Amino acid sequence: MANRVFLASLSLAFIIIISFPFFSNALSSCNGACRTLDNCSGQLICINGKCNDDPDVGTHICSGSGGGSGSPPSPSTNCQPSGTLTCRGKSYPKYSCSPPVTSVTKAKLTNNDFSAGGDGGGPSECDGKYHSNSVPVVALSTGWYNGGSRCGKMIKIVGSNGKSVMAKVVDECDSMRGCDEEHAGQPPCKNNIVDGSDAVWTALGLDKDLGVVDVTWSMA
């Protein structure tokens, strides 16, 4: 009799274990149940028991995924400052996130000198090297830089005049830090910056003396 009770208990425990999702090794996708970061696939994180976009990274994997009324809104569409940094008496917002990356991501194009001694400060974050201004290279705001995941990758930049250029990501336009020697005394970047070399501006037929112009960009 005792053996039968023991076997019945084992069977019940086995059924509960294989039926309960938290104990399985399967990774949850958007809005899937989770308890820890390890329960979510890719760059998703566990928020209120469901896998969703990471607001600090600025992903939009779950945007428009049709999660239903119980799904929390994608935090990436509402990128808020992560404090401020005071530089030469002026306060600048710091951002750990950027707007969602799409096929036509709106951005502000600025100009940067990636050569040694230029206004870019130290060597590029991706490869620890300086780059000639005759080569189309860019630095992306912290959220878009995404911890270096886009290092060495090509992006397509399109100007309002219809001209486009392919450029390689070699650096981060730091949206969290600045006003020091490493950043050539520059304040933190805004969270929607594509900082391009002279070659990028030339290819787009733009005058770099304009300082800042509207562009769109996408992964090549």
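Please read all numbers here as calculations on a predicted model, not as lab measurements. Basis for what follows: all heavy atoms, side chains included, without hydrogens, waters or symmetry-related copies.
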Item to check | Worked check of side chain to side chain contact (heavy atoms under 4.5 Å, CB included) between Y145 and C126 | outcome: CA-CA 10 Å; Y145 182 72; C126 290; 3.7 Å; yes
Next on the checklist: Applying side chain to side chain contact (heavy atoms under 4.5 Å, CB included) to V170 and V138, what does each step give before you reach the verdict?
Outcome noted: CA-CA 6 Å; V170 298; V138 298; over 6 Å; no
Next on the checklist: The test is side chain to side chain contact (heavy atoms under 4.5 Å, CB included); show your working for S124 and H131 and say whether it passes.
Outcome noted: CA-CA 8 Å; S124 296; H131 296 269; 3.2 Å; yes
Checklist entry - Run the side chain to side chain contact (heavy atoms under 4.5 Å, CB included) check on N192 and W144 step by step: do they pass? => result CA-CA 8 Å; N192 62 342; W144 288 338; 3.9 Å; yes
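Looking only at side-chain heavy atoms (C-beta outward), T142 and D174 come within less than 4.5 Å of each other.
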Below 3.5 Å, can you tabulate the donor-acceptor pairs from side chains in residues 210-220 to any protein atom, sequence neighbours excluded?
residue : atom : partner : partner atom : Å
D214    : OD1  : K108    : NZ           : 2.5

For residues 152-165, which side-chain donor-acceptor pairs fall under 3.5 Å, sequence neighbours excluded?
residue : atom : partner : partner atom : Å
K153    : NZ   : S149    : O            : 3.4
N161    : OD1  : K163    : N            : 3.0
N161    : ND2  : L204    : O            : 2.8

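The line from SG of C79 to CG of N191 is 4.5 Å long, rounded to the nearest 0.5 Å. The SG atom of C97 lies 7.5 Å from the CD atom of Q80; values are rounded to the nearest 0.5 Å. Rounded to the nearest 0.5 Å, atoms NZ (K129) and CG (D171) are 14.0 Å apart. To the nearest 0.5 Å, atoms OG1 (T105) and CG (L140) are separated by 10.0 Å. The line from OG of S98 to CG of N146 is 9.0 Å long, rounded to the nearest 0.5 Å. Taking OG of S134 as the start and CZ of F114 as the end, the distance is 12.5 Å to the nearest 0.5 Å.
Minimum heavy-atom separation, P136 to A199: N-CB, 3.6 Å.
Identified under the ring pair (Phe, Tyr, Trp, His ring centres under 6.0 Å) test for residues 150-177, with sequence neighbours left out: none. Sorted by first and then second residue, the side chain to side chain donor-acceptor pair (under 3.5 Å) pairs with a member in residues 198-212 read N111-D198, D198-K208; sequence neighbours excluded.
Follow the hydrophobic side-chain contacts under 4.5 Å out from V200 and you reach V169 in the same cluster.
Applying the salt bridge (Lys or Arg N to Asp or Glu O under 4.0 Å) criterion to K190, with sequence neighbours excluded, gives no partner residue. Remark: D195 engages no residue in a salt bridge (Lys or Arg N to Asp or Glu O under 4.0 Å) (not counting sequence neighbours).
A distance-only check finds no donor-acceptor pair linking the side chain of S141 to the backbone of G143 [under 3.5 Å].
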